[in-house]
2 protein chains.
Amino acid sequence: MGQLCLPVGMSQQDLAKMDTLVQERVRVHKGETLYRMGEPLNAVYAIRFGTLKTHVTMEDGRTQITGFHLPGEVIGLDGLSEMQHASDATALEDAEVCVVRYDDLQSLSSILPSLQGQFLRLMSKEISQDQVMLITLGSMRAEERLAAFLVNMSERLSARGYSSTEFVLRMSREEIGSYLGLKLETVSRLFSRFAEAGLIQIRQRHVKLVDMAGIKQVYSRSC
Amino acid sequence: MGQLCLPVGMSQQDLAKMDTLVQERVRVHKGETLYRMGEPLNAVYAIRFGTLKTHVTMEDGRTQITGFHLPGEVIGLDGLSEMQHASDATALEDAEVCVVRYDDLQSLSSILPSLQGQFLRLMSKEISQDQVMLITLGSMRAEERLAAFLVNMSERLSARGYSSTEFVLRMSREEIGSYLGLKLETVSRLFSRFAEAGLIQIRQRHVKLVDMAGIKQVYSRSC
DNA sequence: CGAGCCTTTGAGTTTCCTCAACCTGAGTGG
DNA sequence: CCACTCAGGTTGAGGAAACTCAAAGGCTCG
């Protein structure tokens with residue numbers, strides 16, 4: 001379970017101690033929220049199974065999806081600085097998470113130095129990933145963004161033991177669009193165009209990456 | 001100096017111990033880089049004075065600025081997960097940074113628990129800020145992005161004791177554009193338009209925010 | 001089996017980009 | 001001291017990319 005709930009790189013004993021951290025689990029049904037922006041942060045969450053999205057809503061109602069999160073990933077870290085959640089987390093399908101209480105985290109990390117390091121690394125990784133998204137949103141064109149998205153999903157899924165070439169998107173076109181800074185129609189059109197070009201096969205949310213090299217070319221070639 | 005180099009919230013003794021961390025300082029002249037992407041990470045850096053930019057260059061040569069960094073901010077945190085820098089850091093003007101060696105950080109944080117917390121909070125804050133940029137790039141229009149940028153700069157500068165309404169931009173139009181996902185001409189046009197609308201005065205890189213409420217309206221009104 | 005949501009596709013519009021010319025100010029050498 | 005140079009900035013015209021609006025088709029779930 002340690003494997004599922006926090007990344008590897010810890011000793012067996014450490015893992016045992018870790019398990020005291022994550023006794024509590026919570027199920028989140030599709031469409032339900034795990035936490036909401038502004039709520040006091042009591043814990044962070046490691047996903048056991050299922051897919052979640054994190055998103056922020058602006059005053060005027062526009063919303064932006066800040067991430068899609070797969071099993072093994074930890075969410076809620078963005079709220080640690082203010083001790084309140086900085087985004088909403090909603091399940092895209094039925095999911096289960098391990099609850100890592102902040103108090104336990106505090107007390108345990110003094111007797112378990114590697115834990116703090118683990119968290120530093122986790123957070124640093126999230127910063128890097130966010131910065132990759134900044135590049136994507138800031139300097140890529142629509143088709144490059146979508147290609148990058150597909151490759152990213154592929155890599156993350158394969159790292160978790162799923163097929164890297166064939167998978168089910170758990171999110172709608174609109175959610176993909178929000179994540180990529182595009183409108184849902186644009187996403188739909190691009191999927192169609194990719195399929196027409198023989199790069200992918202797509203039927204509803206089921207995707208098959210046919211020509212991975214071709215997909216990567218979409219965003220690695222300069223214009 | 002503790003004030004300048006790491007955020008407050010620590011006891012006097014802690015600050016004293018802290019100072020052992022930051023004995024070393026480095027000057028970076030305008031245009032020079034403090035670190036480059038891919039270099040092994042030996043330290044993170046707290047800015048004492050000057051402005052730096054962090055940026056990433058893609059294989060095809062396109063570059064994206066991921067942040068502008070003012071005195072008091074800590075940079076290099078994005079490299080902690082892989083222990084190598086995830087971006088370049090370049091001085092926009094002559095600057096000086098405190099060097100916080102990773103080894104010292106490790107050894108000191110075991111005897112100084114509040115330090116780890118400090119860093120967790122720093123990193124969490126960076127995640128939140130990156131996510132604000134994701135919203136900006138993903139769901140705002142050009143003029144909204146620029147207005148948000150001006151307000152952000154204003155707030156950060158005033159938090160550091162500078163004027164909130166009148167300041168000098170240390171970066172070029174092109175750099176602002178890269179940061180905001182716009183072309184330099186678009187940035188220039190928008191500055192002109194803002195000035196024409198009486199929201200700001202701008203002369204080269206010297207900006208004066210005349211109608212702060214009006215500027216905020218630019219990005220808070222739904223269309 | 002029907003309702004509602006998601007998706008696809010088309011047509012027209014808007015926004016921002018590209019290309020190009022010109023301007024400005026700071027630094028340089030005659 | 002002044003003309004020159006060059007990087008950075010402004011402004012205009014035209015075009016491309018993505019958005020908006022609209023309509024129709026397909027899934028899913030009760």
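Sequence lines set the chain letters: A, B, ... in the order given, protein chains first and strands last, and positions in each chain run from 1. Quick caveat: nothing in here was measured; it's all calculated off a predicted structure.
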A.B. asks: Between C:dC6 atom P and A:Phe191 atom CZ, what is the distance in whole Å?
C.D. replies: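 For the pair A:Phe191 CZ and C:dC6 P, the rounded distance is 16 Å.
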A.B. asks: Taking the side chain of B:Arg205 as its heavy atoms from C-beta onward, which of C:dT8, C:dC17, D:dG8 lies nearest to it?
C.D. replies: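 Side chain of B:Arg205 sits closest to D:dG8.
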A.B. asks: Does the distance from a Lys or Arg side-chain N to an Asp or Glu carboxylate O, for A:Lys125 and A:Glu73, drop under 4.0 Å?
C.D. replies: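 No, A:Lys125 and A:Glu73 are not salt-bridged.
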A.B. asks: By nearest heavy atom, map B:Ile202 and A:Leu190 onto DNA chain D; which one lands nearer the 5' end?
C.D. replies: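 Whichever sits nearer the 5' end wins; that is B:Ile202.
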A.B. asks: Which one, C:dA11, C:dG25, D:dT10, comes nearest to the side chain of B:Gln204?
C.D. replies: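 My answer, after comparing the listed nucleotides, is C:dG25.
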A.B. asks: Can you say whether the rings of A:His85 and A:Tyr35 are parallel (under 30°), tilted (30 to 60°) or perpendicular (over 60°)?
C.D. replies: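 Geometry flag for A:Tyr35 against A:His85: parallel rings.
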A.B. asks: Aromatic contact between B:Tyr162 and B:Phe167, with the criterion being ring centroids under 6.0 Å apart: yes or no?
C.D. replies: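 Aromatic pair excluded; centres sit 6.0 Å or further apart.
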A.B. asks: OP1 or OP2 of C:dC17 sitting under 4.0 Å from any side-chain N/O of B:Thr186?
C.D. replies: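 Yes.
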A.B. asks: What integer distance in Å separates B:Leu182:CG from C:dT15:C1'?
C.D. replies: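 Spelled out: CG on B:Leu182 to C1' on C:dT15 is 11 Å.
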A.B. asks: Measuring from the side chain of B:Ser192 (C-beta onward, heavy atoms only), which nucleotide among C:dG10, C:dC16, D:dT10 has the closest atom?
C.D. replies: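 When the side chain of B:Ser192 is considered, D:dT10 is the closest of C:dG10, C:dC16, D:dT10.
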A.B. asks: What contact category does B:Ser188 fall into here, base, sugar-phosphate, or nothing, at under 4.0 angstrom with non-hydrogen atoms?
C.D. replies: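 Contact class for B:Ser188: base.
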A.B. asks: Applying a 4.0 Å non-hydrogen cut-off, can you work out what B:Leu184 is touching in the nucleic acid: base, sugar-phosphate, or nothing?
C.D. replies: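 Base: the residue B:Leu184, judged by heavy atoms under 4.0 Å, touches a nucleobase.
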A.B. asks: Please tell me if the side chains of B:Ile65 and B:Met171 come closer than 4.5 Å, counting only heavy atoms from C-beta onward.
C.D. replies: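 Answer no - side chains too far apart.
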A.B. asks: Between the side-chain atoms of A:Glu185 and the base atoms of D:dC21, is any donor-acceptor pair under 3.5 Å?
C.D. replies: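 For A:Glu185, whose side chain was compared with the base of D:dC21, there is a donor-acceptor pair (under 3.5 Å).
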A.B. asks: Checking all strands, does A:Gly177 fall into the base, sugar-phosphate, or nothing category for heavy-atom contacts under 4.0 angstrom?
C.D. replies: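 Since no nucleic acid heavy atom lies under 4.0 Å of A:Gly177, the category is nothing.
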A.B. asks: With respect to the phosphate group of D:dC27, does any side-chain polar atom (N or O) of A:Arg203 fall under 4.0 Å of OP1 or OP2?
C.D. replies: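 Answer is yes, contact under 4.0 Å.
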A.B. asks: Is A:Arg189 side chain donor-acceptor paired with the C:dG10 base, going by distance under 3.5 Å alone?
C.D. replies: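 By the distance-only test, yes, there is a pair.
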A.B. asks: Do A:Arg193 and C:dT9 share a donor-acceptor pair, side chain to base, under 3.5 Å?
C.D. replies: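 Side chain to base: no pair present.
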